[in-house]
Asker: 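Please read through the structure below; I'll follow up with questions.
Every heavy atom of this structure was used, including side-chain atoms; hydrogens, water molecules and symmetry mates were not.
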Protein chains: 2
Amino acid sequence: MDKEKNEMCEEEIVHSASVEKVRAEMDEEELLYDVAELFKVFGDSTRTKILSALTVMELCVCDIAEVLNMTKSAVSHQLRILRQTKIVKSRRSGKEVFYSLDDEHISDIYALAIEHLKEE
Amino acid sequence: MDKEKNEMCEEEIVHSASVEKVRAEMDEEELLYDVAELFKVFGDSTRTKILSALTVMELCVCDIAEVLNMTKSAVSHQLRILRQTKIVKSRRSGKEVFYSLDDEHISDIYALAIEHLKEE
DNA sequence: ATAACAGTTGAACATTTATTCAACTGTTTT
DNA sequence: AAAACAGTTGAATAAATGTTCAACTGTTAT
């Protein structure tokens with residue numbers, strides 16, 4: 001069943017040439033989903049705080065919680081997301097688990113955003 | 001009222017030196033909120049699709065809706081977010097409103113993310 | 001003036017997601 | 001072996017967010 005007139009432009013009225021050109025030249029849909037997923041990870045202030053802290057030095061969960069003034073549980077949940085996306089890595093040392101940045105591309109993207117925001 | 005023992009590390013056990021160093025050297029909290037807000041805009045596949053399409057060429061709302069196979073309303077809502085954050089700009093031409101990329105820093109960040117994802 | 005179309009907007013709805021809470025694992029110390 | 005601590009995890013709750021729907025504005029054509 002077709003979409004209603006009110007919700008979709010008529011074939012004739014749409015700039016068909018533009019639509020076709022864009023469809024041919026824009027990035028693959030799958031890649032664009034991945035881009036969104038990647039940025040989603042940075043789109044939370046708890047996680048940007050964790051990343052900023054880890055830019056300074058390696059830290060255990062307890063120290064991150066102390067720096068952010070949050071519970072270990074909340075921090076751990078966010079660290080799991082950062083670990084799963086390969087943005088941070090962890091190593092155990094006795095009872096403690098130390099986290100550090102894993103991906104340098106990520107630092108570059110992060111730094112570029114900071115630079116952009118500071119310029120305003 | 002203090003947080004419960006179970007939820008916050010004891011002062012003595014936390015690595016106080018690390019915590020102080022990180023607190024002194026990490027980015028300002030306000031900046032980190034802004035970073036998160038900026039990335040949040042890229043953290044949605046509808047918006048990454050719109051940005052990828054506008055990288056190819058300027059487009060009216062109707063064409064974007066056609067390319068993404070979405071309603072004009074849904075696209076317009078997302079365009080508003082991109083406009084408010086100064087990532088895209090618009091110009092009216094008759095009945096149509098054309099959108100294009102506004103900020104080149106943004107294109108750089110976007111390109112860096114694409115590059116990162118393509119390398120894997 | 002009226003109809004038709006492009007686009008916008010607010011409210012409702014559905015989905016996602018961050019934090020809390022409680023229970024759990026693993027390591028060290030006594 | 002038991003207690004103590006660091007960290008993890010799943011379920012529940014609360015908050016944020018994307019899409020739909022319907023009504024609206026603004027422009028052009030009849």
Side-chain angles (χ1 to χ4, degrees), chain A residues 3-15 18-19 33 36-37 39-50 58-85 88-99, chain B residues 1 3-15 18-19 33 36-37 39-50 58-66 68-85 88-99:
Chain A
K3 295 194 176 135
E4 295 172 21
K5 270 184 182 172
N6 197 27
E7 289 300 338
M8 180 58 69
C9 302
E10 309 282 321
E11 266 305 308
E12 266 58 55
I13 296 165
V14 164
H15 308 91
S18 298
V19 170
Y33 277 115
E37 288 306 308
F39 282 124
K40 209 170 283 183
V41 177
F42 291 88
D44 173 77
S45 60
T46 296
R47 291 192 289 269
T48 57
K49 286 179 195 172
I50 291 174
E58 180 190 60
L59 292 167
C60 68
V61 177
C62 212
D63 286 352
I64 297 172
E66 178 77 12
V67 168
L68 304 197
N69 202 32
M70 289 178 68
T71 64
K72 285 178 294 181
S73 177
V75 169
S76 185
H77 276 297
Q78 299 308 325
L79 283 170
R80 181 170 48 79
I81 294 171
L82 293 168
R83 210 183 328 116
Q84 283 173 347
T85 49
V88 304
K89 64 187 174 203
S90 63
R91 68 175 180 88
R92 180 176 271 275
S93 171
K95 280 188 288 191
E96 297 169 321
V97 176
F98 285 89
Y99 280 86
Chain B
M1 206 181 293
K3 294 192 176 139
E4 296 170 21
K5 269 184 183 172
N6 197 28
E7 288 301 340
M8 180 57 69
C9 300
E10 309 281 320
E11 266 305 308
E12 266 60 54
I13 296 166
V14 165
H15 308 90
S18 297
V19 170
Y33 278 114
E37 287 307 307
F39 282 124
K40 210 171 282 184
V41 177
F42 293 88
D44 174 78
S45 61
T46 295
R47 290 192 290 269
T48 57
K49 287 178 195 171
I50 291 174
E58 180 189 59
L59 292 168
C60 69
V61 177
C62 213
D63 287 352
I64 297 173
E66 179 75 13
L68 304 197
N69 202 34
M70 289 177 67
T71 64
K72 285 180 294 181
S73 176
V75 169
S76 184
H77 276 297
Q78 298 309 325
L79 283 170
R80 180 170 48 79
I81 293 171
L82 292 169
R83 211 184 327 117
Q84 284 172 346
T85 49
V88 304
K89 64 188 175 205
S90 62
R91 69 175 180 85
R92 180 176 271 275
S93 170
K95 280 188 287 191
E96 297 169 322
V97 177
F98 286 89
Y99 282 85

Asker: Ignoring hydrogens and angles, tell me if any N or O in the side chain of A/Thr71 forms a donor-acceptor pair with the backbone of A/Ala74 under 3.5 Å.
Answerer: yes

Asker: Among D/dT20, D/dT27, C/dA18, which nucleotide sits nearest the side chain of B/Ala74?
Answerer: D/dT20

Asker: Measure the distance from CD1 on A/Ile81 to P on D/dT8 and round it to the nearest whole Å.
Answerer: 13 Å

Asker: For the pair made of CG in B/Asp44 and P in D/dA16, what is the distance, rounded to whole Å?
Answerer: 17 Å

Asker: Quick one: does any side-chain atom of B/Arg92 pair with a main-chain N or O of B/Gly94 as donor and acceptor, under 3.5 Å?
Answerer: yes

Asker: Taking atom CE of B/Met70 and atom OG1 of B/Thr46, what is their separation to the nearest 0.5 Å?
Answerer: 4.0 Å

Asker: Measure from the side-chain N and O atoms of A/Arg47 to the backbone N and O of A/Lys40, and report whether any donor-acceptor pair falls under 3.5 Å.
Answerer: yes

Asker: Do B/His15 and A/Cys60 come close enough that some side-chain heavy atom pair is under 4.5 Å?
Answerer: yes

Asker: Touch check for B/Phe98, heavy atoms < 4.0 angstrom, all strands: base, sugar-phosphate only, or nothing?
Answerer: nothing

Asker: Among the candidates D/dG7, C/dA18, C/dA6, find the nucleotide nearest to the side-chain atoms of A/Lys72.
Answerer: D/dG7

Asker: Can you identify which nucleotide, out of C/dT19, D/dT19, D/dT8, has its nearest atom closest to the B/Met70 side chain?
Answerer: D/dT19

Asker: If you check every side-chain atom of B/Arg80, which of C/dG26, D/dG26, C/dT9 has the closest atom?
Answerer: C/dT9

Asker: Classify the side chain of A/His77 and the base of C/dT20 as holding, or not holding, a donor-acceptor pair under 3.5 Å.
Answerer: yes

Asker: Report the distance from atom CG of A/Leu82 to atom P of C/dA18, rounded to the nearest whole Å.
Answerer: 10 Å

Asker: Looking at D/dT8, D/dT19, C/dA6, which one has an atom nearest to any side-chain atom of B/Cys62?
Answerer: C/dA6

Asker: Toward the 5' end of DNA chain C, which comes first, A/Lys40 or A/Lys95, by nearest nucleotide?
Answerer: A/Lys40

Asker: Starting at atom CZ of A/Arg92, determine the distance to atom C1' of D/dC5, rounded to an integer number of angstrom.
Answerer: 11 Å

Asker: What nucleotide, of C/dT19, C/dT8, D/dT19, holds the atom closest to the side chain of B/Tyr99?
Answerer: C/dT8

Asker: Measure from the side-chain heavy atoms of B/Gln78 and tell me the nearest of D/dG18, D/dC5, D/dG7.
Answerer: D/dG18

Asker: Are B/Ile64 and B/Leu79 side-chain neighbours, meaning at least one heavy-atom pair lies under 4.5 Å?
Answerer: yes

Asker: Between the side-chain atoms of B/Ser73 and the base atoms of C/dT8, is any donor-acceptor pair under 3.5 Å?
Answerer: no

Asker: Quickly work out the A/Asn69 CG to C/dT19 P distance and round it to whole Å.
Answerer: 13 Å

Asker: Take atom CG of B/Leu79 and atom C1' of C/dA6, then tell me their distance rounded to the nearest Å.
Answerer: 13 Å

Asker: Let's see if you can work this out: which of C/dG7, D/dT9, C/dT8 has an atom nearest to the side-chain heavy atoms of A/Arg83?
Answerer: D/dT9

Asker: Could you check how far CG of B/Asp63 sits from C1' of C/dA6, rounded to whole Å?
Answerer: 11 Å

Asker: The side chain of A/Ser76 is closest to which nucleotide in this list: C/dT8, D/dG7, C/dT28?
Answerer: D/dG7

Asker: Among the nucleotides C/dA18, D/dT9, D/dT19, which one has an atom lying closest to any side-chain atom of B/Thr46?
Answerer: D/dT19

Asker: Test for a donor-acceptor pair under 3.5 Å between the base of D/dT19 and the side chain of B/Thr71, counting only N and O atoms.
Answerer: no

Asker: Could you state the atom-to-atom distance from CG of B/Leu68 to P of C/dG7 in whole Å?
Answerer: 13 Å

